[in-house]
Novice: 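One structure is given below, represented as structure tokens, and several questions about it will come after.
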Amino acid sequence: MGRRAAGVLAGCLIACAGLLYLTAAGAVLGPFLLWPRTRAGARAALTAGARRIAALDRRRRGALFGDRFPLHYTPRDGQVLRYVAARTYAGTVTTVTLALFAFGGVLAAVFLAALVTGRVGVAELLGQLLLGGALLFLGVQGLRSLYVLDARLARDTFGPSERELLRRRIDELATSRAAVVHAVDAERRRIERDLHDGLQQRLVALAMLLGRARRPGRTPEQADALLRQAHEESRAVLTELREVAWRVYPSALDGLGLREALGGVAERSPVPLRLAFDVPDPLPQLVETAAYFVVSEAVTNAAKHAAATTVSAELAVSGGVLTVSVRDDGGGGADPAGSGLAGLRGRVEALDGRLRVSSPAGGPTIVTAELPCV
């Protein structure tokens, strides 16, 4: 309570300083603000002084009221000028109100002394009590409203307002929803391409081998050779079908968990994959799925496009956030806007996470995803 009272008094002093500054700066810079050629420079000079007063007021709110504002948020010039003007008005009214409270206290002491000495009658006593009570109520309500106004002005100026935060959140949700829809469509097209260009061609080749083996006139040796080829082709079809199924959704996540699913990625990876897994507790299913696809897609890109010889993946939980970092020693130059990484970004941002890609020319490429676990 004492700190807040000190904060209100400090706000009154800063408001008086703001009043003096606006009065002096307005008198000096007023003519230059009216002339179009000098308006920009005069406005910049006026804003520079207003920013110093606003910064002092921001420190007051942080030190005496415990407010926490975004560190890297810089209000616009117009916001700063409006804040200083509004705070000057509110602080001046607060100062006048507090002065009236002090004056009322003096009058109450004088009236009490007159009451003790018997110079005040009952009718006058009742009238003074009624008038004093009404003025006290109005003064307290006015101070309370000014206190709330002070906090709201600081919140709207030194950090995004509630309306701005809500607007940003709506934009983020709309963007992430569109990204998820795009990622789902891209996955469907990729699955269709894998089935058409891979499995379908292999099944056609398998059918042709079986047809040739059944063709009349084949010697037992020729038929046996064709059947062996068909057998090898069927094994290749099963392997590719398993790969496609894992790319759609890894069933090991449901039965064995994220660690074992990533172990399967390491076994199937064409380049050596070193895995560091420091996740003590089970994770939400959606988080595990997103983490799996981040590692799987990053490893696939490193093998196909970066000519990497080694890949390392680290997973750790800190502060309720799962951090997935995949690093390869390839040639770099990965495009963060590419279809694969864009799909990963949509999947991660749909969970309120963030995906960062660092891939300078010459490497290394580092893909980092931060996924909230709550």
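Remember, it's a predicted structure, so these values are computed and weren't measured experimentally. FYI, side chains are in, hydrogens and waters are out, and symmetry mates aren't considered; it's all heavy atoms of this structure.
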Novice: With ILVMFWY side chains joined below 4.5 Å, transitively, what does L19's cluster contain besides itself?
Specialist: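 Its cluster mates, by chain and number: none.
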Novice: Same cluster for V295 and V321 if Ile/Leu/Val/Met/Phe/Trp/Tyr side chains link at under 4.5 Å?
Specialist: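 Looking at the clustering, V321 is in a separate group from V295.
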Novice: Rounded to the nearest 0.5 Å, what separates atom CD in Q141 from atom CG in L136?
Specialist: 10.0 Å
Novice: V317, L351: one ILVMFWY side-chain cluster at the under-4.5 Å cut-off?
Specialist: yes
Novice: Apart from F103 itself, which Ile, Leu, Val, Met, Phe, Trp or Tyr residues share its cluster (side-chain heavy atoms under 4.5 Å, direct or through members)?
Specialist: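 Under the 4.5 Å side-chain rule, F103 groups with L107.
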Novice: Are side-chain heavy atoms of V140 and F101 found at a separation under 4.5 Å?
Specialist: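 V140 reaches F101 side chain to side chain.
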Novice: Minimum heavy-atom separation for L46 and A25, please, with both atom names.
Specialist: CD1-CB, 3.7 Å
Novice: So, do P284 and V287 sit near enough that their side-chain heavy atoms are less than 4.5 Å apart?
Specialist: yes
Novice: Taking T95 for its side chain and G91 for its backbone only, find out whether a donor-acceptor pair lies under 3.5 Å.
Specialist: yes
Novice: Using atom types as modelled and distance alone, determine if a side-chain donor or acceptor of R268 lies under 3.5 Å from a backbone N or O of G264.
Specialist: yes
Novice: Under the 6.0 Å and 45° cation-pi test, does R144 pair with Y147?
Specialist: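 No, cation not above the ring by the 6.0 Å, 45° rule.
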Novice: Which heavy-atom pair separates T92 from A15 by the least distance, and what is that distance?
Specialist: N-CB, 4.0 Å
Novice: Kindly indicate whether the side chain of V84, heavy atoms from C-beta on, has any atom under 4.5 Å from the side chain of T88.
Specialist: yes
Novice: What are the two closest non-hydrogen atoms of A302 and D328, and how far apart are they?
Specialist: CB-OD2, 3.6 Å
Novice: What is the distance from atom CG of D278 to atom CG of L315, rounded to the nearest 0.5 Å?
Specialist: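 CG of L315 is found 9.5 Å from CG of D278.
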Novice: Return yes when atom CZ of R327 has more than 12 non-hydrogen atoms of other residues, nucleotides or ligands closer than 6.0 Å, and no otherwise.
Specialist: no
Novice: For a quick test of reading the model, state the closest non-hydrogen atom pair linking I53 to G18 and the distance between them.
Specialist: CD1-CA, 3.9 Å
Novice: Please report the shortest heavy-atom distance between A90 and L149, naming the atom on each side.
Specialist: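 Smallest interatomic distance, heavy atoms only, reads CB-CD2, 4.0 Å.
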Novice: Can you check whether T368 reaches V324 side chain to side chain, under 4.5 Å on heavy atoms?
Specialist: no
Novice: How does the hydrophobic cluster around L131 look, that is, which other residues are in it when side-chain heavy atoms under 4.5 Å mark a link?
Specialist: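 Direct or chained contacts put L131 with L135.
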Novice: Mind listing the closest non-hydrogen atom pair of L64 and A10 along with its distance?
Specialist: CD1-CB, 4.2 Å
Novice: Is L138 isolated, or which residues cluster with it under the ILVMFWY side-chain rule of less than 4.5 Å, directly or via members?
Specialist: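 So far as hydrophobic clustering goes, L138 is joined with F137.
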Novice: Are any of the side-chain heavy atoms of I366 and S325 separated by less than 4.5 Å?
Specialist: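 The answer is yes, as the side chains (C-beta and beyond) meet within the 4.5 Å cut-off.
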Novice: Return yes when atom CZ of F32 has more than 12 non-hydrogen atoms of other residues, nucleotides or ligands closer than 6.0 Å, and no otherwise.
Specialist: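 Count not over threshold, so no.
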Novice: If you measure from the Lys or Arg side-chain nitrogens to the Asp or Glu carboxylate oxygens, is any gap between R274 and E314 under 4.0 Å?
Specialist: no
Novice: Between V8 and L146, is any pair of side-chain heavy atoms under 4.5 Å apart?
Specialist: no
Novice: Is there a side-chain contact between V348 and V294, using heavy atoms and a 4.5 Å cut-off?
Specialist: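 Result yes, sub-4.5 Å side-chain heavy-atom pair found.
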Novice: Mind checking the CD-CG spacing from E288 to L262? Nearest 0.5 Å is all I need.
Specialist: 9.0 Å
Novice: With hydrophobic residues grouped by side-chain heavy-atom distances under 4.5 Å, do L143 and L153 end up in a single group?
Specialist: no
Novice: By the salt bridge (Lys or Arg N to Asp or Glu O under 4.0 Å) test, which pairs, at least two apart or in different chains, include something from residues 32-54?
Specialist: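 As it turns out, the salt bridge (Lys or Arg N to Asp or Glu O under 4.0 Å) pairs with a partner in residues 32-54, which skip direct neighbours, are R51-D77.
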Novice: What's the separation between atom CG in D352 and atom CG in L371, rounded to the nearest 0.5 Å?
Specialist: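 So the CG of D352 and the CG of L371 are separated by 10.5 Å.
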Novice: May I have all residue pairs that pass salt bridge (Lys or Arg N to Asp or Glu O under 4.0 Å) and include part of residues 81-90, sequence neighbours excluded?
Specialist: D57-R87, R87-D150
Novice: Would you compute the distance between atom CZ of R345 and atom CG of L355 and round it to the nearest 0.5 angstrom?
Specialist: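 With rounding to 0.5 Å, CZ (R345) is 5.0 Å from CG (L355).
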Novice: Distance-only, no hydrogens or angles: does the Y83 side chain make a donor-acceptor pair with backbone N or O of G78 under 3.5 Å?
Specialist: no
Novice: Output yes when a side-chain donor or acceptor of R60 lies under 3.5 Å from a complementary backbone atom of A55, and no otherwise.
Specialist: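 No: the side chain of R60 does not pair with the backbone of A55.
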Novice: Once rounded to the nearest 0.5 Å, what's the spacing between atom CD1 of I14 and atom CG of L56?
Specialist: 4.0 Å
Novice: Is there a chain of hydrophobic side chains (I, L, V, M, F, W, Y, each step under 4.5 Å between heavy atoms) that links V93 to L20?
Specialist: no
Novice: Tell me if the OH atom of Y89 is crowded by more than 12 foreign heavy atoms within 6.0 Å.
Specialist: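 For Y89, atom OH is not crowded (no more than 12 foreign heavy atoms under 6.0 Å).
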Novice: For the pair D329 (side chain) and T310 (backbone), establish whether a donor and an acceptor sit closer than 3.5 Å, ignoring hydrogens and angles.
Specialist: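 Side chain of D329 to backbone of T310: a pair is present.
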Novice: Between R356 and E370, is there a side-chain heavy-atom distance shorter than 4.5 Å?
Specialist: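 In contact.
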